[in-house]
Amino acid sequence: MGGPPSLYAYDSISDLARNLRAFVIDAQNQSIDRHDVFRVAVSGGSLPATLAKALLQESTGARDDTLQFSKWEIFFADERCVPFDHEESNYRLVKEELLDKIPEQEGKPRVFPIDTKYLDDVAEMADQYEQTLVQQFASRDSVRIPMFDLILLGCGPDGHTCSLFPGSPLLRETDAWVLYIEDSPKPPPKRITLSLPVACHGIKIGFVVTGGGKKEILRQIFDTEEGHQLPCGLVNSLAHERVAWFCDTAAVEGVQFPSRKSPL
Ligand SMILES: O=C(O)[C@H](O)[C@@H](O)[C@H](O)[C@H](O)COP(=O)(O)O
């Protein structure tokens, strides 16, 4: 039995971004001290923009406020099966919101996009990305399942995360690391996603959720038994205290589960 996840709520997006920055840099420093690399998985949706607000702020120069992007390896928690330059591409979003704006002196991360050259064969796309993860994780650490240093996720209004949707058979997968879906309820229909065990296998997992449109689903996820069965609720139940939720006050309105301010 692990402890409960942490729920942080802020009055403004800039407060949220400041605290998310501290959380990410703390995870970064611990990872670099541990194995000289920081392996992060990111999702799409509104997350890349909020993450960019957090990471592109000016540094105070202190170690606990310094990003070492040259030690970062960025992976994708999910991707929409569209070309890289398509407006729905998560890679494009992360690139335009964040990667292209990192100041040169902070170094360049290594980026591992989900290769979309097999657009007609989504099973092949998922296999290829699993091979990328095998090369980056298993060969180095001989692991049964990749362990990211940090996984950053969003929460859909139905409680989905990555491209793992409520009631999907994909939620029962225990073996494969990377899965595909061809009938996603959120467009576009074809998507690639980390499996639930991999999405829960981060040393730290951070959800970023903002706006009043999420308050009902957050209430379900945190305060009800049924909510624990939703994909986001399953991440909470499987990863326990390794999970931190960064929300604004609009998103947690009506949530009984106690929220706090500081992640560190
Ligand atoms: O590519 C995607 O669609 C996602 O990775 C998805 O899981 C997203 O994170 C949630 O739908 C939340 O999206 P919002 O933050 O935009 O609501």
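The structure displayed is predicted, hence computed values, not measured ones. All residue numbers refer to positions in the sequence shown, counting from 1. Just so you know, ligand 1 is whichever comes first in the structure, and atom 1 is the first atom listed for that ligand.
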### Task
Fit a plane to each ring of Phe38 and Trp72, take the angle between them on a 0 to 90° scale, and name the class: parallel (under 30°), tilted (30 to 60°) or perpendicular (over 60°).
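Ring orientation, 0 to 90° scale: perpendicular.
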#### Entry: Ring geometry between Tyr10 and Phe246 (parallel below 30°, tilted from 30 to 60°, perpendicular above 60°)
parallel
### Query
In order of chain and number, which residues sit within 4.0 Å of ligand 1 by heavy atom?
Ser43, Gly44, Gly45, Ser46, Asp78, Arg80, Asn90, Gly154, Cys155, Gly156, His160, Thr161, Cys162, Lys186, Arg191, Lys214
### Task
Indicate whether any N or O donor in one side chain lies under 3.5 Å from an N or O acceptor in the other, for Gln131 and Asp127.
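Asp127 and Gln131 do not have a side-chain donor-acceptor pair below 3.5 Å.
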#### Entry: Residues which pass salt bridge (charged side-chain N to carboxylate O under 4.0 Å, His left out) with Glu106, listed by chain and number, not counting sequence neighbours
none
### Query
What do you reckon, are the aromatic ring centroids of Tyr118 and Tyr180 less than 6.0 Å apart?
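No: the rings miss the under 6.0 Å criterion.
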### Electrostatic pair Asp85:Arg92 at N-O distance under 4.0 angstrom
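Looking at Arg92 together with Asp85, the answer is no, because their closest N to O distance does not fall below 4.0 Å.
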